[in-house]
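All remarks here apply to the structure that follows.
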Amino acid sequence: MNIKTPLLTVDIIIRHKSGIVLIERKNPPPGWALPGGFVDIGESVEDAAIREAKEETSLDVNLIEQFHVYSKPDRDPRSHTVSIIFIGEGNGELKGQDDARQAAVFSENSLPEIIAFDHKKIILDYFHYIKTGQKPALISNPLPL
């Protein structure tokens, strides 16, 4: 049986010091991104988020909550991916490694110019959530009942 489905990924909004952690990608597409990656077979999404955060940032992350799921087919230029976004607290010394050229902490007002994938939307949705308590809508254009 040959079944094609979107690839499952996780991304983590890591609160660290006075902002959130982004990594500068080593591989295409270029730019800065939230730490994250693909979920391995036999791995929970929570374990994948903690693993990817550690691999890319050297931080130990305590997951606080699941934020949202982003699944637009064109969100990743490489393939159709579905990403579960987590919010977590990072502890330790921040250092970019693995797929990250470097890692740094950014505030809402100091975001880098080039942000890969749909991560700028995710980051802006997060800062809106922090200010208002409102998570992104599940359906962007709901049908009338």
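Along the sequence shown, residues are numbered consecutively beginning with 1.
The CG atom of Leu34 lies 5.5 Å from the CD1 atom of Ile13; values are rounded to the nearest 0.5 Å. With values rounded to the nearest 0.5 angstrom, Asn62 atom CG is found 7.5 Å from Ile50 atom CD1. Here Glu52 contributes atom CD and Ile23 contributes atom CD1; the two are 8.5 Å apart, rounded to the nearest 0.5 Å. Going from atom CZ of Phe127 over to atom CD1 of Ile20 covers 4.0 Å, rounded to the nearest 0.5 Å. Put simply, CZ on Arg15 and CD1 on Ile130 are 4.5 Å apart, with the number rounded to the nearest 0.5 Å. Annotation: the span from Phe117 atom CZ to Asp76 atom CG amounts to 4.5 Å, rounded to 0.5 Å.
For Tyr70 and Asp125, the side-chain atoms include at least one donor-acceptor pair closer than 3.5 Å.
Nearest heavy-atom pair across Pro73 and His80 is CA-CD2, 3.5 Å. Shortest non-hydrogen contact noted between Trp32 and Leu22 is CZ3-O, 3.6 Å. Residues Ile14 and Pro35 approach most closely at CD1-CG, 3.8 Å, considering heavy atoms. Smallest separation of non-hydrogen atoms from Leu138 and His68: CD2-CE1, 3.9 Å. When all heavy atoms of Val61 and Gly88 are compared, the pair lying nearest together is CG1-CA, 4.1 Å. The two residues Ala116 and Pro29 come nearest to each other via the heavy atoms CB-O, 4.2 Å.
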Open item on the list: Before you tell me yes or no, could you show the steps for Val39 and Ile84 under side chain to side chain contact (heavy atoms under 4.5 Å, CB included), namely the whole-Å CA-CA distance, both residues' side-chain angles and the distance that decides it to 0.1 Å?
Closed with: CA-CA 10 Å; Val39 177; Ile84 300 170; over 6 Å; no
- [ ] For Leu124 and Lys121, run side chain to side chain contact (heavy atoms under 4.5 Å, CB included): C-alpha distance rounded to whole Å, both residues' side-chain angles, the deciding distance at 0.1 Å, then the answer.
- [x] CA-CA 5 Å; Leu124 294 178; Lys121 175 176 178 23; 5.9 Å; no
Task: Derivation and outcome, side chain to side chain contact (heavy atoms under 4.5 Å, CB included), residues Ile123 and Glu108 - done: CA-CA 8 Å; Ile123 293 164; Glu108 183 177 15; over 6 Å; no
Open item on the list: If you apply the rule side chain to side chain contact (heavy atoms under 4.5 Å, CB included), what do you find for Gln97 with Lys26, and how did you get there?
Closed with: CA-CA 9 Å; Gln97 55 185 22; Lys26 278 186 185 176; over 6 Å; no
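Identified under the salt bridge (Lys or Arg N to Asp or Glu O under 4.0 Å) test for residues 59-68, with sequence neighbours left out: Lys54-Asp60, Glu65-Lys135.
In this structure a side-chain-to-backbone donor-acceptor pair under 3.5 Å is present from Glu56 to Gly36. Judged purely by atom type and a 3.5 angstrom limit, Thr9 has no side-chain atom pairing as donor or acceptor with the backbone of Gly37.
At a threshold of 4.5 Å between side-chain heavy atoms, the hydrophobic network of Ile, Leu, Val, Met, Phe, Trp and Tyr places Val45 and Ile87 in two separate groups. Side-chain heavy atoms closer than 4.5 Å link hydrophobic residues (I, L, V, M, F, W, Y) into clusters, and following such links, possibly through other members, connects Val82 to Ile12.
In this structure, the side-chain contact (heavy atoms from CB on, under 4.5 Å) partners of Asp47, at least two apart in sequence or on a different chain, are Glu43, Ser44. Shown here are the side-chain contact (heavy atoms from CB on, under 4.5 Å) partners of Leu94, two or more places apart in sequence or in another chain: His16, Val21, Thr57, Leu59, Ala103, Val105.
Between Phe67 and Tyr129, the ring-plane angle classifies as tilted under the 30° and 60° cut-offs.
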